[in-house]
Chemist: 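Take this structure first; my questions come after.
Only a predicted model underlies this, so the values are computations on that prediction, with no experimental measurement involved. All values below come from the heavy atoms of this structure, side chains included, with hydrogens, waters and symmetry mates left out.
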Amino acid sequence: MKTNSELKKIEKVFQQYGISLKGKRKYDRFEEDLRMDKVFISGLIFDLEYELHKEINDDKVNTVQAPYQLIELLMN
């Protein structure tokens with residue numbers, strides 16, 4: 001059940017940033033499709049790490065381009 005709780009926390013943080021995870025929207029690229037500045041992307045990642053008490057390696061963070069990729073990193 002820990003996974004379900006984590007997914008709810010993840011969805012809550014994405015909603016705070018105005019990002020929908022429904023359907024194909026989770027595949028939208030942060031900069032191109034969602035028009036997010038790198039500062040806001042970094043803030044989103046920080047908020048997710050803080051909420052889940054997890055840390056993502058910097059080298060992996062730099063490869064993230066869409067919400068689904070970020071969720072995969074946080075769940076592994």
Chemist: Should the pair His53 and Tyr50 be assigned to parallel (<30°), tilted (30 to 60°) or perpendicular (>60°) ring geometry?
Modeler: tilted
Chemist: Could you tell me which non-hydrogen atom of Arg25 sits nearest to which non-hydrogen atom of Ser20, and how far apart they are?
Modeler: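 So the minimum-distance heavy-atom pair works out to CB-O, 3.4 Å.
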Chemist: Can you tell me which residue among Leu44, Leu21, Ile10 is in a side-chain contact (heavy atoms from CB on, under 4.5 Å) with Pro67?
Modeler: Leu21
Chemist: Nearest 0.5 angstrom please: Arg29 CZ to Gln69 CD, how far?
Modeler: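 It comes to 10.5 Å.
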Chemist: Will you find, in the side chains of Asp33 and Tyr27, an N or O donor that is under 3.5 Å from an N or O acceptor?
Modeler: no
Chemist: Should the pair Glu11-Lys22 be classified as a salt bridge under the 4.0 Å nitrogen-to-oxygen rule?
Modeler: yes
Chemist: Nearest 0.5 angstrom please: Leu74 CG to Glu55 CD, how far?
Modeler: 11.5 Å
Chemist: As an exercise, state the distance from CD1 of Ile56 to CG of Leu73, rounded to the nearest 0.5 Å.
Modeler: 5.0 Å
Chemist: Does OH in Tyr17 sit with more than 12 non-hydrogen atoms of other residues, nucleotides or ligands closer than 6.0 Å?
Modeler: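 For Tyr17, atom OH is crowded (more than 12 foreign heavy atoms under 6.0 Å).
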Chemist: How far apart are the closest heavy atoms of Arg35 and Glu32, and which atoms are they?
Modeler: CG-O, 4.0 Å
Chemist: Could you measure the distance from the CD atom of Gln65 to the OG1 atom of Thr63? Nearest 0.5 Å is fine.
Modeler: 8.0 Å
Chemist: For the CG atom of Asp47 and the NZ atom of Lys12, what is their distance to the nearest 0.5 Å?
Modeler: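 Rounded to the nearest 0.5 Å, the CG-NZ separation comes out at 10.5 Å.
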Chemist: Verify, without hydrogens or angle tests, whether Asp37 (side chain) and Val39 (backbone) share a donor-acceptor contact under 3.5 angstrom.
Modeler: yes
